[in-house]
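No experiment lies behind these values; they were computed from the predicted model shown.
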Amino acid sequence: MKTKGYRRLKTHADNTCYLMKNGKCTIHAIKPETCRAGPFTFDVDGDTIRLFLKHPSICPIVTLLKDVPAAYDQQYDCAVKNITNLVANLTDEEIAEINKIDEPDTDFVIGIPRVHRAL
């Protein structure tokens with residue numbers, strides 16, 4: 001059964017992922033596509049996907065990525081690929097739901113072109 005709207009995981013009171021326990025992901029081996037882009041997140045503005053990086057207070061891996069440029073580059077490339085693929089398969093209604101999610105503890109990284117799915 002298809003459900004309408006964009007679904008996301010709950011967060012703890014400190015805004016960390018609900019599936020984080022003792023600073024570690026409890027479903028690392030099977031995490032959802034959007035988690036694979038983490039600690040990057042996004043919104044969509046017309047034909048542009050706006051990519052953001054979460055603050056270290058939200059996602060501890062950010063500190064590692066900032067300290068190890070090769071790791072940052074690898075995760076950035078993965079995030080762009082996963083987010084671009086995800087957005088290409090979302091409806092306008094689902095994107096509108098995503099854009100409602102307030103994520104103030106992020107820094108803008110880059111705008112990338114949105115690829116529209118084939119109808």
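Closest of all the heavy-atom pairs between A79 and A37 is CB-O, 3.4 Å. The minimum heavy-atom distance linking L53 with V109 is given by the pair N-CG2, 3.6 Å. The shortest heavy-atom contact between G111 and T48 is CA-CG2, 3.8 Å.
Counting only heavy atoms from C-beta outward, the side chains of L86 and N82 never approach each other to under 4.5 Å. For the pair Y76 and L51, the minimum side-chain heavy-atom distance is below 4.5 Å. The side-chain heavy atoms of D43 and F52, taken from C-beta on, include a pair separated by under 4.5 Å. A heavy-atom distance below 4.5 Å is not found between the side chains of P113 and D47.
The distance from atom NZ of K54 to atom CG of L65, rounded to the nearest 0.5 Å, is 12.5 Å. Residue I95 holds its CD1 atom at 8.0 Å from CD1 of I49, rounded to the nearest 0.5 Å. Of the inter-residue distances, the one linking Y72 atom OH with L64 atom CG reads 13.0 Å to the nearest 0.5 angstrom.
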| field | side chain to side chain contact (heavy atoms under 4.5 Å, CB included) between V44 and I98, intermediate numbers included | value | CA-CA 8 Å; V44 180; I98 290 169; 5.9 Å; no
| task | For Q75 and I61, run side chain to side chain contact (heavy atoms under 4.5 Å, CB included): C-alpha distance rounded to whole Å, both residues' side-chain angles, the deciding distance at 0.1 Å, then the answer. | result | CA-CA 10 Å; Q75 189 60 29; I61 198 169; 6.0 Å; no
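S57 is linked by a side-chain contact (heavy atoms from CB on, under 4.5 Å) to H55, counting only residues two or more places apart in sequence or in another chain.
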